[in-house]
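This report concerns only the one structure given below.
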Amino acid sequence: MKYIFVTGGVVSSLGKGLTAASLGTLLEARRLRVVLQKFDPYLNVDPGTMSPFQHGEVYVLNDGAETDLDLGHYERFTNCLLTRNNNLTSGQVYESVILKERRGDYLGKTVQVIPHVTDMIKDRIRQVSDESKYDVVITEIGGTTGDIEGLPFLEAIRQFILEVGPENVLNMHVTLVPYIKAAHELKTKPTQQSVAKLREIGLQPQVLICRTEKPLDQDVRRKLSMFCSVSEKAVIEEGDVEHTIYEVPLTLHAEGLDQLVCDLLHLETPAPELADWRKFVERVISPRRRIEVAVVGKYMEVRDAYKSIYESLTHAAASEDCGIDLKLVDAESLERGDDAQLRDVAGVLIPGGFGLRGAEGKIHAAGYAREHKIPYLGLCLGMQVATIEFARNVCGIENANSTEFDKNTPEPVISLLEEQRGVRNKGASMRLGTWPTKVVQGTLAEKIYGGTEVTERHRHRYEFNMKYRDGMNAQGFVISGTSPDGTLAELIELRDHPYFVGCQYHPEFQSKPNKPHPLFKGFIQACLARQTSRATPVRVDQESPHRALQRELVPQ
Ligand code: GLN
């Protein structure tokens, strides 16, 4: 078993997660079995309660773990399927150490960061190191070298190297090499200092991944090599990608990273097979046609808040040789009647969400898509608002609402199961992780999925109230998928609409570059069909090809 630790230097937001994931792509392309893991030094037990403003989207795993969005990169860039063991926070470490202490497991000893906290961290690395399943474990340490919270993790790595032998471990440091305009120069000092900080803790990186705006010339490479004690060919340049994050593995491959890593870890592998990946990237960069899709949500200015959704759209669109122009619509602006934003789009997507803010705007958007026969994809809350809209405006249930938005609504078409059963003590917790769905035969959903049994990831509390099922069905609202026992609605669609689909779950967590999710693929196909039928000419950009390419991509 080989171990790669990825640390970050100088500043945050260098795309360490993407770099780790991309290394995973490259090693898998060399037929190695790879698993990734993230250690987050913050004290939250999990990111489930953090605001998307703060931390981007919460990524949900099969087992229901609510994790950092980097785990989304890991699953999208590699074939590994992660569990809660693959995301460890300081909060979890301290929680379990303290619980052990209270149980008396430490037998009267003084409980300390070294060895008790560091032991716990090392255990977690071992927990994912299953030799029968993997050849390489890539562990990313969140935060930046020098953060107080990160110290126990780095110390644990130092001890771990001692235990498994340095020949089995590689430390990769992702760092910033800033360009100072006034001096026309790339500066190596921040990296030197960051590496010095690592060495102080007893860690020597063998590979430097240099995030930079300008190419590293030979001089800079030599300097970094000399001051940081890293061989010159292990100074790897990682510039900003021009078009899409999916270029990162290709950039790193061009710099020789995968060969270098295999050499350093004494891994013999065939040359990497990157043809499919390249093809996908080409389709993302220069699609034959493009469509505009409106995403109506609450966190439009935070690009990371709906990360997996934007990625899923990219995957599905690429599979149709199509580019996406995203129209990010703030739901609250629709409450002020600004409908023009939805007028010319090829499709409307409403993501998941929590709370009242923007809810009426989303309900309005769902109604607009229904009435104008615009393809609609509602994810989780997006399904719930579509349900409320249909109940109100088609079925005449004027006060229809979710008890999430109005606790005392007389018409709770969406509510907590406990409320539906008349239980007063709510005690509701979220339905999380993978649950099976039985797709109803003869529905659009069956056609899209090409089958009747699917499993999808959930993260929600509220449910469709089955009391309304028959009445709404009579008006054209179809429950096209349920839990296997038939009690929970999982999928909805409208009979008289080309593509109006809502799901109670989050398909965006299972889409991959060369495996787009059927609901997204169906959505894009419907958007394309609408565009063609309305004979909207494909825009021919008069600008330079470079700018034209950039604009048609989903923002990353
Ligand atoms: N707030 C809704 C619920 O809890 C939807 C959640 C979501 O979209 N993830 O059921």
Side-chain angles (χ1 to χ4, degrees), residues 46-53 55-62 64-69 71-72 295-300 302 304-310 312 331-332 348-363 365-366 376-389 391 400-407 409 412-421 426-435 437 456-466 468 479 481-483 487-492 501-511 517 519-520:
D46 64 43
T49 53
M50 288 190 205
S51 156
F53 276 124
H55 200 256
E57 93 181 351
V58 173
Y59 187 79
V60 180
L61 304 179
N62 274 338
E66 298 175 274
T67 68
D68 186 85
L69 57 80
L71 276 83
V295 177
V296 183
K298 208 157 70 160
Y299 303 105
M300 303 333 290
V302 191
D304 278 353
Y306 302 117
K307 183 134 213 110
S308 294
I309 293 175
Y310 299 149
S312 303
E332 281 179 302
V348 173
L349 186 152
I350 302 196
F354 293 83
L356 180 61
R357 189 163 72 79
E360 288 300 324
K362 292 178 192 171
I363 291 170
Y376 178 85
L377 183 58
L379 310 176
C380 208
L381 187 72
M383 167 205 152
Q384 298 176 353
V385 292
T387 305
I388 296 167
E389 192 281 322
N401 215 336
S402 163
T403 53
E404 180 177 12
F405 308 144
D406 176 4
K407 245 194 11 264
T409 174
V413 287
I414 305 289
S415 64
L416 297 174
L417 267 192
E418 286 81 351
E419 292 168 349
Q420 295 172 22
R421 291 185 186 132
K426 292 191 182 98
S429 61
M430 282 218 257
R431 190 148 77 104
L432 283 166
T434 293
W435 295 82
T437 290
E456 298 277 5
R457 298 184 191 176
H458 293 66
R459 181 172 184 250
H460 69 110
R461 282 195 184 86
Y462 296 83
E463 305 279 355
F464 175 75
N465 189 340
M466 286 295 196
Y468 293 90
I479 303 286
T482 63
S483 55
T487 57
L488 304 174
E490 294 279 18
L491 268 164
I492 61 124
V501 175
C503 52
Q504 189 52 81
Y505 43 76
H506 292 275
E508 70 271 24
F509 296 140
Q510 295 206 79
S511 175
H517 190 285
L519 292 185
F520 279 90

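Just follow the structure's listing: the first ligand is 1, and inside any ligand the first atom is 1. Below, each value reflects all heavy atoms present in this structure, side chains not excepted, and no hydrogens, waters or symmetry copies.
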Hey, mind stepping through Ile350 and Leu381 against side-chain contact (heavy atoms from CB on, under 4.5 Å) and telling me if it holds? CA-CA 8 Å; Ile350 302 196; Leu381 187 72; 5.9 Å; no
No-hydrogen, no-angle side-chain donor-acceptor test under 3.5 Å, His517 and Glu456: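 His517 vs Glu456: donor-acceptor pair found between side chains.
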With Glu66 via salt bridge (Lys or Arg N to Asp or Glu O under 4.0 Å) - residues at least two apart: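 Here the qualifying residues are Arg459.
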With sequence neighbours left out, what residues match Glu360 under salt bridge (Lys or Arg N to Asp or Glu O under 4.0 Å)?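 Checked Glu360 against salt bridge (Lys or Arg N to Asp or Glu O under 4.0 Å); matches are Arg392.
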Could you tell me, for ligand 1, which of its N or O atoms are under 3.5 Å from any protein N or O, listing the pairs and their distances rounded to 0.1 Å?
{"from": "ligand 1", "atom 1": "1 (N)", "to": "Gly353", "atom 2": "O", "distance (Å)": "2.9"}
{"from": "ligand 1", "atom 1": "1 (N)", "to": "Glu404", "atom 2": "OE1", "distance (Å)": "2.8"}
{"from": "ligand 1", "atom 1": "1 (N)", "to": "Glu404", "atom 2": "OE2", "distance (Å)": "3.0"}
{"from": "ligand 1", "atom 1": "4 (O)", "to": "Arg461", "atom 2": "N", "distance (Å)": "2.9"}
{"from": "ligand 1", "atom 1": "8 (O)", "to": "Gly353", "atom 2": "N", "distance (Å)": "2.8"}
{"from": "ligand 1", "atom 1": "8 (O)", "to": "Gly353", "atom 2": "O", "distance (Å)": "3.4"}
{"from": "ligand 1", "atom 1": "8 (O)", "to": "Leu381", "atom 2": "N", "distance (Å)": "3.0"}
{"from": "ligand 1", "atom 1": "9 (N)", "to": "Arg459", "atom 2": "O", "distance (Å)": "2.8"}
{"from": "ligand 1", "atom 1": "9 (N)", "to": "His506", "atom 2": "NE2", "distance (Å)": "3.1"}
{"from": "ligand 1", "atom 1": "10 (O)", "to": "Gln384", "atom 2": "NE2", "distance (Å)": "3.1"}
{"from": "ligand 1", "atom 1": "10 (O)", "to": "Arg461", "atom 2": "N", "distance (Å)": "3.1"}
{"from": "ligand 1", "atom 1": "10 (O)", "to": "Tyr462", "atom 2": "N", "distance (Å)": "2.8"}

Residues forming a ring-ring contact (aromatic ring centres under 6.0 Å, His included) with Tyr505, sequence neighbours excluded: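 Partners of Tyr505 under the ring-ring contact (aromatic ring centres under 6.0 Å, His included) test: His458.
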Rounded to the nearest 0.5 Å, what separates atom CD1 in Ile388 from atom NZ in Lys362?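 Result: 10.5 Å between the selected atoms.
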